[in-house]
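Heads up: numbering here begins at 1 and tracks the sequence.
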Amino acid sequence: MTTIRSVRARTICVPLDHPTSFSNRQVFKRDYAVVEVEGEDGHKGIGFCYGGSNAGALVTHAVRELFAPLLVGADCHATEALWQKMYQEALLHGRCGSVMRAISILDTALWDRNARAAGLPLYKYLGASDLESVPAYASGGYYLEGKTPDHLAQEMANHVEQGFTAVKIKVGRGDLASEEARLAAVREAIGPHVQLMMDANNAWHDLPSALAFMRMAEPYFPFWIEEPFSPDDIDNHRRLAERTPVPVATGEIEAGRWRFRELLDKEAAMILQTDAAVCGGISEFRRIAATAASFGVEIYPHWFHDLHVHLVASAPNVRMVEFFADDQVLNFRRLVDTQLEFDNGRLLLPKTPGLGFDFDAETLDRFAGDAWQ
């Protein structure tokens with residue numbers, strides 16, 4: 001038995017180079033919580049999550065104060081038992097949000113540690129369904145000051161030239177005319193056969209507004225409409241799904257298998273976007289993926305391509321990695337020492353043990369909001 005020797009966490013605050021907008025908010029910086037879990041055998045694992053654009057230290061505090069005392073001295077390989085123990089400890093503090101993100105990154109760090117100790121890449125340690133590469137779509141299309149529909153179209157065309165056969169843009173910030181101009185420009189630039197995903201980031205509060213947008217968008221053959229409503233408004237997701245031929249996708253900030261089961265039971269989403277750094281970690285992600293498979297539903301994980309490349313490669317119904325080609329929005333890329341490689345729209349799977357990368361210590365120190373503790 002190898003026991004857990006130490007659990008350390010810290011908060012990292014990385015400003016964006018340019019203020020970046022979604023449908024209904026603007027982001028100036030990103031807070032990340034990062035952890036290290038070390039076993040008595042000397043092998044370490046890392047975990048991380050997005051803690052929001054403010055108060056990301058809430059996740060770090062949950063790691064340090066709620067969960068670290070439970071983990072130190074426990075068996076490193078008791079991932080199921082430790083997940084349940086952490087979840088039970090969190091019942092009175094929140095079964096989603098910052099507390100579940102803290103569980104997520106600790107669970108991920110344990111899986112990473114154990115895979116490194118076994119000398120296997122994480123996807124092989126989990127049980128691989130792919131061994132060389134996995135499909136990815138290029139994510140971007142954010143709203144920036146001065147960014148025209150032509151600029152957006154060129155951004156997406158560049159991704160297609162790199163070999164990506166699917167791209168995603170943000171929608172829902174402007175009026176219908178300006179939004180149609182963006183969609184029309186992108187569709188013309190990428191051609192008829194490239195999949196075009198639309199991400200609304202909770203743009204609408206009522207069904208008529210969402211339906212008006214979808215009626216406008218349908219002629220441009222979008223592959224999905226993502227997060228049209230608040231994540232808590234499951235019934236409107238269902239109502240929209242009944243009224244548009246475009247698949248509804250959601251789930252990027254959902255936590256726990258029970259919430260995803262509700263989405264599936266109510267037929268509120270044809271595509272789930274489970275994020276392992278949010279939902280409860282790799283352990284919970286695997287439970288959610290298995291549940292979705294029994295419904296014939298596929299998962300396209302949200303964000304953190306460095307993590308999700310392993311989960312796409314280890315479950316047949318987890319289909320495609322969301323890939324960010326630069327560090328402007330997913331500026332977490334600046335915090336790691338190794339970047340994923342891609343070829344003709346597919347991400348090459350890491351061959352080194354565990355996640356296949358480590359934190360860059362100098363960069364962590366540069367953007368640190370607090371010290372390792």
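No side-chain heavy atom of Asp358 sits under 4.5 Å from any side-chain heavy atom of Glu36. Residues Arg259 and Ile234 meet the side-chain proximity criterion, which asks for heavy atoms closer than 4.5 Å. By the 4.5 Å heavy-atom criterion applied to side chains, Val134 and Leu349 are counted as neighbours. Here the side chains of Asp370 and Arg64 are in contact, with some heavy-atom distance below 4.5 Å. Residues Leu183 and Met216 form a side-chain contact, since some pair of their non-hydrogen atoms from C-beta on lies under 4.5 Å apart. For the pair Thr352/Thr338, no side-chain contact is recorded, criterion being any heavy-atom separation below 4.5 Å from C-beta on. No side-chain heavy atom of Val171 sits less than 4.5 Å from a side-chain heavy atom of Asp199. Counting heavy atoms from C-beta on, the side chains of Ser283 and Trp111 come closer than 4.5 Å.
Relative ring orientation between His305 and Phe324 is described as tilted, the plane-to-plane angle lying within the 30° to 60° band. Using cut-offs of 30° and 60° for the angle between ring planes, the Phe359 and Trp372 rings count as tilted. Ring geometry for Tyr137 versus Tyr300: interplanar angle of 30 to 60°, hence tilted.
Centroid-to-centroid, the aromatic rings of Tyr142 and Phe22 come within less than 6.0 Å.
Taken from CG in Asp235 to NZ in Lys266, the straight-line distance is 4.0 Å, to the nearest 0.5 Å. The distance from atom CD of Glu180 to atom CZ of Phe213, rounded to the nearest 0.5 Å, is 9.5 Å. In this structure, CG in Leu66 is found 8.5 Å from CD1 in Ile103, a value given to the nearest 0.5 Å. If you take CD1 on Ile282 and OG1 on Thr108, they are separated by 4.0 Å, rounding to the nearest 0.5 Å. For the atom pair CD (Glu226) and CD (Glu322), the distance works out to 6.5 Å, reported to the nearest 0.5 Å. Residue Leu126 holds its CG atom at 5.0 Å from CZ of Arg286, rounded to the nearest 0.5 Å.
A donor-acceptor distance shorter than 3.5 angstrom exists from the side chain of Ser129 to the backbone of Ala313, with no hydrogens or angles considered. No donor-acceptor distance shorter than 3.5 angstrom exists from the side chain of Arg238 to the backbone of Glu267, with no hydrogens or angles considered. Using a distance-only test at 3.5 Å, with no hydrogens or angles considered, a donor-acceptor pair links the side chain of His308 to the main chain of His302. The backbone N or O of Leu348 lies less than 3.5 Å from no partner atom in the side chain of Asp343, so there is not a single donor-acceptor pair. In this structure, Asn114 contributes its side chain and Cys76 its backbone to a donor-acceptor pair below 3.5 Å. Remark: side-chain polar atoms of Tyr87 are not paired, donor with acceptor, to backbone N or O of Arg95 under 3.5 angstrom. Side-chain atoms of Asp31 do not come within 3.5 Å of backbone N or O of Gly51 as any donor-acceptor pair. Arg30 contributes a side-chain N or O that, together with a main-chain N or O of Val329, makes up a donor-acceptor pair within less than 3.5 Å. A donor-acceptor contact shorter than 3.5 Å is absent between the side chain of Trp224 and the backbone of Met270. Counting only distance, with no hydrogens or angles, the side chain of Thr244 and the backbone of Leu240 share no donor-acceptor pair below 3.5 Å.
Few gaps surround CD on Glu65; more than 12 heavy atoms of other groups in view lie less than 6.0 Å from it. No more than 12 heavy atoms of other residues, nucleotides or ligands shown are found within 6.0 angstrom of CD on Glu145. Counting heavy atoms of neighbouring residues, nucleotides and ligands inside a 6.0 Å radius, atom CD of Glu218 exceeds 12 of them. Residue Lys29 qualifies as enclosed at atom NZ: its count of foreign heavy atoms under 6.0 Å is above 12.
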- Query: Does the pair Asp112 and Leu122 meet the rule for a side-chain contact (heavy atoms from CB on, under 4.5 Å), with working shown?
  - Reply: CA-CA 6 Å; Asp112 179 42; Leu122 181 58; 5.6 Å; no
- Message: side-chain hydrogen bond (donor to acceptor under 3.5 Å, both in side chains), that's the test. Do Tyr143 and Gln26 meet it? Break it down for me.
- Response: CA-CA 9 Å; Tyr143 295 93; Gln26 190 172 44; over 6 Å; no
- Task: Determine, step by step, whether Glu227 and Ile253 satisfy the side-chain contact (heavy atoms from CB on, under 4.5 Å) criterion, reporting the C-alpha distance in whole Å, the side-chain angles of both residues, the deciding distance to 0.1 Å, and the verdict.
- Result: CA-CA 10 Å; Glu227 281 202 315; Ile253 58 174; 4.1 Å; yes
- Task: With side-chain contact (heavy atoms from CB on, under 4.5 Å) as the test, would you mind laying out the steps for Asp265 and Phe295 before giving the verdict?
- Result: CA-CA 9 Å; Asp265 281 340; Phe295 280 79; 3.4 Å; yes
- Where do Asn158 and Gln162 land on the side-chain hydrogen bond (donor to acceptor under 3.5 Å, both in side chains) test, with the steps shown first? CA-CA 6 Å; Asn158 291 342; Gln162 292 174 313; over 6 Å; no
- Task: List the steps, then state whether salt bridge (Lys or Arg N to Asp or Glu O under 4.0 Å) holds for Arg116 with Asp41.
- Result: CA-CA 11 Å; Arg116 292 180 194 237; Asp41 58 3; over 6 Å; no
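Under the 3.5 Å distance criterion, with hydrogens and angles disregarded, no donor-acceptor pair is assigned to the side chains of Ser104 and Asp107.
Following chains of ILVMFWY side-chain contacts shorter than 4.5 Å, one can reach Trp83 starting from Val35, so the two form part of one hydrophobic cluster. Both Met214 and Leu196 sit in one connected hydrophobic cluster of ILVMFWY residues. Membership requires side-chain heavy atoms under 4.5 Å apart, directly or through other members. Phe223 and Ile225 are members of different hydrophobic clusters when ILVMFWY side chains are connected at heavy-atom separations under 4.5 Å. Clustering ILVMFWY residues whenever any of their side-chain heavy atoms sit less than 4.5 angstrom apart, transitively, puts Val37 in a cluster other than the one holding Phe285. Residues Val318 and Phe304 share a hydrophobic cluster, clusters being chains of Ile/Leu/Val/Met/Phe/Trp/Tyr side chains in contact below 4.5 Å.
A salt bridge does not link Asp206 with Arg239: every distance from a Lys NZ or Arg NE/NH1/NH2 to an Asp or Glu carboxylate oxygen is 4.0 Å or more. Ion pair Arg366/Glu362 not flagged as a salt bridge, since none of the NZ, NE, NH1 or NH2 atoms sits closer than 4.0 Å to an Asp/Glu carboxylate oxygen. Salt-bridge formation is not detected for the pair Asp275/Arg101: no Lys NZ or Arg NE/NH1/NH2 atom is positioned less than 4.0 Å from an Asp or Glu carboxylate oxygen. Note on Arg5 versus Glu40: salt bridge recorded, some NZ/NE/NH1/NH2 to OD/OE distance being below 4.0 Å.
Contact detail for Arg333 and Asp326: the closest heavy-atom pair is CD-O, 3.4 Å. The shortest non-hydrogen separation linking Ile169 to Arg182 is CD1-NH1, 4.3 Å. Shortest non-hydrogen contact noted between Lys351 and Leu131 is NZ-O, 2.9 Å. Scanning all heavy atoms of the two residues, the minimum distance from Ala255 to Phe260 falls at N-CE1, 4.3 Å. Heavy atoms only, all atoms of each residue included: Phe221 and Arg187 are closest at O-NH2, 3.1 Å. Shortest non-hydrogen contact noted between Arg346 and Ser133 is NE-OG, 2.8 Å.
For Gln328, the side chain to side chain donor-acceptor pair (under 3.5 Å) partners two or more places apart in sequence, or in a different chain, are Asp17.
Results of the ring-ring contact (aromatic ring centres under 6.0 Å, His included) test with Phe332 over Trp303, Phe48, Tyr50 single out Phe48 as the only residue that passes.
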